[in-house]
Amino acid sequence: MMNNTILAISGVSKSFGGVAAVSDVSMCVRSGEIVGLIGANGAGKSTLLRMAAGLLAPDSGSIRIAGKEVDAGRPHLIFKSPGNSSYLRQVSSVVSPLTLEENVTIGFRPGIGRSVSTIFSRRSLQLLVNEIQTARGWLAEVLPDSLGLGVDELSTGQKRRLELIRLKAGAPILALLDEPTAGLHSSAMAELEAELVKFNREGLTILLSEHNLEFVTRICNRCLIMDRGQILKEVVRGWGGLQLPSPVTQGRGSNHVTVHRLEREAAPALVTARDLRGGYHSRAVFGPLCLSVSVGDVVGFVGPNGSGKSTALRAIAGLLPWRSGDLIFSRGFKTALGTPRGISMLSQERAIFPNLTVYENLLVAADQLETRGRREQEIARVRESLSLPGTWLRKRGECLSVGEQRIVAIAMRLITNPGLLLLDEPTAGLAQGAIDSLIAALSGLSECAIVAAEHNLIFLSAMGAELIHFEPLTT
Amino acid sequence: MYWQTLIFFALTYVTLALSLNISAGYGRLLCLCQATFYGIGAYSVALLPMMMPSRSPARMYVLGVFVGISISAALGGLISLLGDHLKEDYFLMSTFAFSEIAQEFIANSNWSGGNVGLRLKPLNMGGVEYVFVVSAGILMLVAFWICGRIERSHFGLALITFSVDESLSTVLGNSSRSLRFQCMAVSAVLATLAGCIVAPQLGYIHPAFFGVDESVLIFTMLTLGGLGSRYGVVLGAFVLAVVPSILTFFPIATRLDAPIRQIIYGLLLVVLMHLRPSGLIPNR
């Protein structure tokens, strides 16, 4: 039974700047399994995956894929060898100067090599033409409505699917997926699930880290719960399915979070949008959108990936010109980003400065406040409301996990106490505990209107949001 | 003769800009030492016939080309290894330093003619007048063809992926070091070949022809045309190589003419870059 182990990790530790991210972890993944890694933000899931992918060298211990030691000095060899693995990371990785087909093509295992001599070889050029043909066929099957688009015009869900097609092109035996469902709408998630199950039936072994426990319980054969760099518990799928222990699932329904809102007089609208339409270049992405947001309102944009929610947020923030319709801000409301009482926007990217410490990041955000004392005060307030641990403050931004970086990014947006807070997927990549404290922090905001594009309906209902449904425009 | 020289230099600059496009355009290895590679070619074909005067100059010229190519490819490869540890801006600075060192080295050595420059032994071309202009044209076409092939090859896709996202390129099985090495070497070899043609056409070479100023000019051509876009690079190089000469046709008061031309030239650059920030013909 043990001889079909694909991934064997034994006694692996890794620390960043004295803080242990992974300590003495041993685990294995057998052929044909789908194994999930779950745990709070910063539990070490991504670090473990990155080490398995050869992108990070472990401080101690060994990692073997199909019996071969992973050499972190030369990670590219892992992909090249026939018994290879493929790694899909948390932030989407599409190459924008390349076309869709080329983005898939770069995933094919380099059978003929990728040295400069390929530019003189007829065979290699022909191979590339064939590969592009194959890629076009797959794209037409999986993303029929995106052919001819630029890579930047794809929605998060479409980008994820593109990455999956690229994964398929590499024909790996092991896939390492870091938060595959982050930022995906339920329909896109179902498609992703179907695709992964199909790959798995065709013989692909999968190790994934995930916050969406429902997704994990549906798809995984086995689940490892991580906490502070260690594996706490292993749960195996039994007759009754995958039963996660209660401390993990606690708060999953999240309905116990109650939001107290003061009854108030109907406030004048802060922002009004009338028949707003927008998009990129010649392509309309959303609209017509009618919206009126007053102080104290919470509006949720919901809908499948690619329906224009993020684009609409960007248009309201003034980051993108809208094509027609009116966007009216109430008198005295500053439209400049980041100004006190103005608009503050959290984009889908992590949006913190990786080279600054967390404290410096917060200071940058608090820059508009006049005195040092005020800044300290606001930072303390936000830290408390989002329960940021004091140990983070001196860490550099890049040393935090992606989920932790999101939390800091949100803290930065809250510091100026904005009048209108635009949030693009605030809960993507956050564990349930972090989501709960986010809900508490957001509900504690006074005199602020919130517009959030979000897939997590439980979060929106806990916030008491009024929902606006987006549908993809049919051209 | 005037037009011939103008066309010759326009062709050479287009070749140089195309060669830089391979490293800086596709691979985003920003380097300020393209003129040094170009100088290595010029000095090798000039020096070898002088070192062995008894042999036939034509044979020595061919040998010089091979020596130049080997030295440049090796140096280009070595410089690319700096990229393992240096980020974009620091890489740029180190290539700048390399270029300065090379220029000072040539200017202060006896064997190279030092600061006086070097007069070449004339090559007997059997009375064919345009041979170097034609070779410069052929070399330019070769460089253009190579850029086109790179854009449509596995190597090129890997290079572009690497330039945008190094860690993605690594998980897709590309060795960053090897990509950097190869693209610097190819770029250096093309520039060297251009130098091999320039030296006999001029008949006289000087270290200042291959200094940092020249590298900056080539870099400007690339930026003006559009990094990573071969049509843009051709246009950018052509415009910058020809415009200063065209400006001399306009009658301007003699005492002020040089500075005014420089001002017009500078203004033109600023305006063009403002109107088309990603190059005259942007990449894709």
Side-chain angles (χ1 to χ4, degrees), chain A residues 49-50 53-56 72-81 84-89 91-99 101-125 127-129 131-132 150-151 163 166-167 169-170 172 176, chain B residues 22-23 25-28 73 76-77 80 84 87 142-190 226-229 278-279 282-284:
Chain A
L49 285 177
R50 284 170 60 80
L55 291 171
L56 271 181
R74 290 180 296 167
H76 60 279
L77 292 184
I78 298 167
F79 182 81
K80 268 189 181 163
S81 57
N84 67 46
S85 68
S86 218
Y87 170 73
L88 197 67
R89 64 180 167 186
V91 279
S92 71
S93 46
V94 290
V95 184
S96 51
L98 301 182
T99 63
E101 289 89 348
E102 286 169 338
N103 258 293
V104 173
T105 311
I106 53 175
F108 280 102
R109 190 130 27 98
I112 207 163
R114 284 182 189 149
S115 75
V116 71
S117 60
T118 56
I119 68 172
F120 302 111
S121 142
R122 224 165 243 290
R123 204 174 124 231
S124 161
L125 290 185
L127 182 70
L128 184 62
V129 171
E131 284 176 356
I132 286 184
V151 177
E163 287 174 290
R166 186 194 290 154
L167 186 88
L176 306 162
Chain B
I22 296 174
S23 54
Y26 300 132
R28 289 294 144 115
S80 79
D84 283 2
K87 282 188 186 162
V142 169
F144 189 72
W145 178 81
I146 288 182
C147 282
R149 271 292 174 101
I150 285 181
E151 281 177 20
R152 286 180 292 116
S153 71
H154 284 102
F155 176 66
L157 293 187
L159 205 55
I160 293 170
T161 311
F162 158 78
S163 71
V164 173
D165 190 336
E166 190 172 339
S167 80
L168 173 66
S169 147
T170 309
V171 278
L172 293 177
N174 304 321
S175 154
S176 306
R177 182 181 290 178
S178 143
L179 280 177
R180 260 195 295 260
F181 191 97
Q182 297 182 50
C183 99
M184 276 300 280
V186 173
S187 157
V189 165
L190 273 177
L227 279 161
S229 130
S278 42
N283 170 32
R284 314 231 177 180

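Computed from heavy atoms alone, side chains included, the values below leave out hydrogens, waters and symmetry copies. Nothing here was measured: the structure is a model prediction, and the numbers come from that model. Numbered from 1 within each chain, the chains take letters A, B, ... in sequence-line order.
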Could you please spell out the steps behind the side-chain contact (heavy atoms from CB on, under 4.5 Å) verdict for Ser93(A) and Asp165(B)?
CA-CA 8 Å; Ser93(A) 46; Asp165(B) 190 336; 4.3 Å; yes
Is a side-chain donor-acceptor pair under 3.5 Å present for His154(B) with Thr118(A)?
no
Would Leu128(A) and Leu157(B) count as a side-chain contact (heavy atoms from CB on, under 4.5 Å) here? Give the steps.
CA-CA 10 Å; Leu128(A) 184 62; Leu157(B) 293 187; 3.8 Å; yes
Leu125(A) and Arg149(B): side-chain contact (heavy atoms from CB on, under 4.5 Å), yes or no, with the steps?
CA-CA 9 Å; Leu125(A) 290 185; Arg149(B) 271 292 174 101; 3.0 Å; yes
Contact part of Thr161(B) toward chain A, heavy-atom cut-off under 4.5 Å: side chain, backbone, both or neither?
both
Shortest non-hydrogen contact from Leu168(B) toward Arg166(A)
CD1-NH1, 3.6 Å
Rounded to the nearest 0.5 angstrom, the OG-CZ distance for Ser124(A) and Phe155(B) is 11.5 Å
For a quick test of reading the model, state the closest non-hydrogen atom pair linking Ile119(A) to Ser153(B) and the distance between them.
CG2-OG, 3.3 Å
